[in-house]
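Predicted, not measured: the structure shown is a model, and the values here were computed from it.
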Amino acid sequence: MSQYPMTAHGAELLRNELNELKTVKRPRIIKDIAEAREHGDLKENAEYHAAREEQGFCEGRIQDIEGKLSNAQIIDVTKMPNNGKVIFGATVTILNLETEAETTYRIVGEDEANIKNNLISISSPIARGLIGKELDDIVNIQTPAGVVEYEVIDVKYI
């Protein structure tokens, strides 16, 4: 099996979600199913069917998280010396040379990506264009609007 890069923070969030699913949600669903069974005929019991469907989603998510964690390659950039190079987990500030707009992104794993929080996936075009670049490098990145020229103005390992 291939390994998937994940930040230490992302792995911790998945572990917390897994713990919540196993210790809180799963027991609640089991209780809901037991209560719904007491109501009689299961064929026409909407509460029972809803609880069983929720159980299926919960168990699927548990398996999904366990699989991701077992194949995760956890990378903690805070323990690496900052040499100014853009790597997985780095927080990068780039300057759009045309518009003079600054943007800061953190390069994270697929499951952690959230553009609203400036967390971009390692497989995104911007991240792929930035990986391996260094401070003050000029980067041309293909975007849906065309090629955009950026300058790497800050690289942090936080």
Side-chain angles (χ1 to χ4, degrees), residues 1-29 32 49-158:
M1 292 213 169
S2 61
Q3 293 212 313
Y4 303 101
M6 186 178 296
T7 64
H9 178 70
E12 184 63 30
L13 290 175
L14 279 180
R15 282 189 204 100
N16 291 343
E17 182 182 353
L18 183 62
N19 186 47
E20 172 83 11
L21 288 170
K22 285 183 169 183
T23 61
V24 177
K25 196 168 185 180
R26 184 189 267 169
R28 183 190 51 77
I29 292 170
D32 290 349
H49 292 290
R52 291 290 299 195
E53 186 174 329
E54 187 179 10
Q55 182 183 36
F57 286 129
C58 180
E59 295 302 322
R61 183 66 182 149
I62 288 171
Q63 286 181 347
D64 185 41
I65 292 172
E66 287 175 338
K68 286 175 182 170
L69 287 174
S70 68
N71 293 320
Q73 178 184 6
I74 299 172
I75 300 168
D76 189 357
V77 292
T78 61
K79 295 185 169 102
M80 297 178 185
N82 187 342
N83 58 7
K85 191 172 239 180
V86 180
I87 60 171
F88 178 85
T91 302
V92 184
T93 303
I94 55 176
L95 175 70
N96 183 320
L97 295 178
E98 185 177 318
T99 65
E100 298 291 319
E102 279 187 24
T103 312
T104 301
Y105 293 115
R106 182 156 185 224
I107 301 172
V108 297
E110 298 280 333
D111 294 319
E112 303 169 75
N114 183 341
I115 194 66
K116 290 178 184 171
N117 294 330
N118 289 347
L119 301 173
I120 59 172
S121 165
I122 184 74
S123 61
S124 70
I126 293 175
R128 286 195 317 259
L130 291 172
I131 292 290
K133 302 301 186 236
E134 295 182 3
L135 196 60
D136 298 326
D137 280 358
I138 304 293
V139 184
N140 292 313
I141 298 176
Q142 180 67 44
T143 66
V147 176
V148 180
E149 194 172 47
Y150 293 101
E151 180 181 355
V152 178
I153 59 173
D154 192 25
V155 179
K156 295 180 183 167
Y157 293 0
I158 52 176

### Query
For the residue pair Phe88 and Val108, what are the closest heavy atoms and their distance?
CE1-C, 3.3 Å
For residues 144-158, tabulate all N or O donor-acceptor pairs below 3.5 Å that involve a side-chain atom, not counting sequence neighbours.
unit_1 : atom_1 : unit_2 : atom_2 : d
Tyr157 : OH     : Asn83  : OD1    : 3.1
Tyr157 : OH     : Lys85  : O      : 2.5

### Message
The criterion is side chain to side chain contact (heavy atoms under 4.5 Å, CB included); which residues satisfy it with Glu20, sequence neighbours excluded?
### Response
Val24
Under 3.5 Å donor-acceptor pairs involving side-chain atoms of residues 95-102, not counting sequence neighbours:
unit_1 : atom_1 : unit_2 : atom_2 : d
Asn96  : OD1    : Glu98  : N      : 2.9
Asn96  : OD1    : Thr99  : N      : 3.2
Thr99  : OG1    : Ala101 : N      : 3.3

### Message
Show, in sequence, the C-alpha distance, side-chain angles and deciding distance for Leu13 and Glu112, and conclude whether the side chain to side chain contact (heavy atoms under 4.5 Å, CB included) test is met.
### Response
CA-CA 9 Å; Leu13 290 175; Glu112 303 169 75; over 6 Å; no
### Message
Can you confirm whether His49 sits close enough to Glu54 that some side-chain heavy atom of one is under 4.5 Å from a side-chain heavy atom of the other?
### Response
no
### Task
Output, in order, the C-alpha distance, side-chain angles, deciding distance and verdict of side chain to side chain contact (heavy atoms under 4.5 Å, CB included) for Ile107 and Ile120.
CA-CA 5 Å; Ile107 301 172; Ile120 59 172; 4.3 Å; yes
Let me have the donor-acceptor pairs involving side chains of residues 134-141, under 3.5 Å, with sequence neighbours excluded, atom names and distances please.
unit_1 : atom_1 : unit_2 : atom_2 : d
Asp137 : OD2    : Glu134 : N      : 2.8

#### Entry: Close side-chain approach of Ile62 and Cys58, heavy atoms under 4.5 Å
yes
### Task
Flag the pair Arg26 and Glu59 as a salt bridge only when some basic side-chain nitrogen lies within less than 4.0 angstrom of an acidic carboxylate oxygen.
yes
### Summary
Output for pair (Lys25 NZ, Phe57 CZ), nearest 0.5 Å, gives 9.5 Å
### Query
If you look at every heavy atom in Gln142 and Pro125, which pair is closest and at what distance?
O-CB, 3.8 Å
### Query
Can Glu66 and Lys22 be counted as an ion pair, charged N to O under 4.0 angstrom?
yes
#### Entry: Residue list, side chain to side chain donor-acceptor pair (under 3.5 Å) with Lys116, at least two apart or on another chain
none
## Note on the structure
dist Leu69:CG -> Glu12:CD (nearest 0.5 Å) comes out at 10.0 Å
### Message
Can you tell me how far apart CD (Glu110) and OH (Tyr4) are? Round to the nearest 0.5 Å.
### Response
9.5 Å
### Summary
Smallest heavy-atom separation, Asp64 atom then Arg61 atom, equals OD2-NH1, 2.8 Å
## Note on the structure
For Ala51 and Asp32, the nearest pair of non-hydrogen atoms, with its separation, is CB-CB, 4.2 Å
### Message
Among residues at least two apart in sequence or on other chains, which ones pass side chain to side chain donor-acceptor pair (under 3.5 Å) with Asn118?
### Response
none
#### Entry: Spacing of Met6 atom CE and Ile122 atom CD1 [to the nearest 0.5 Å]
13.0 Å
### Message
Between Thr103 and Thr93, does the side chain to side chain contact (heavy atoms under 4.5 Å, CB included) criterion hold? Intermediate values first, please.
### Response
CA-CA 6 Å; Thr103 312; Thr93 303; over 6 Å; no
### Query
When rounded to the nearest 0.5 angstrom, what is the spacing between OG1 in Thr7 and CG in Asp111?
10.5 Å
### Message
Show the nearest heavy-atom pair for residues Ala113 and Ser121, with the distance to one decimal.
### Response
CB-N, 3.7 Å
### Query
Between Arg106 and Gly89, is there a donor-acceptor pair closer than 3.5 Å when you use the side chain of the first and the backbone of the second?
yes
### Message
With rounding to the nearest 0.5 angstrom, report the CD1 to OH distance, Ile126 to Tyr105.
### Response
4.0 Å
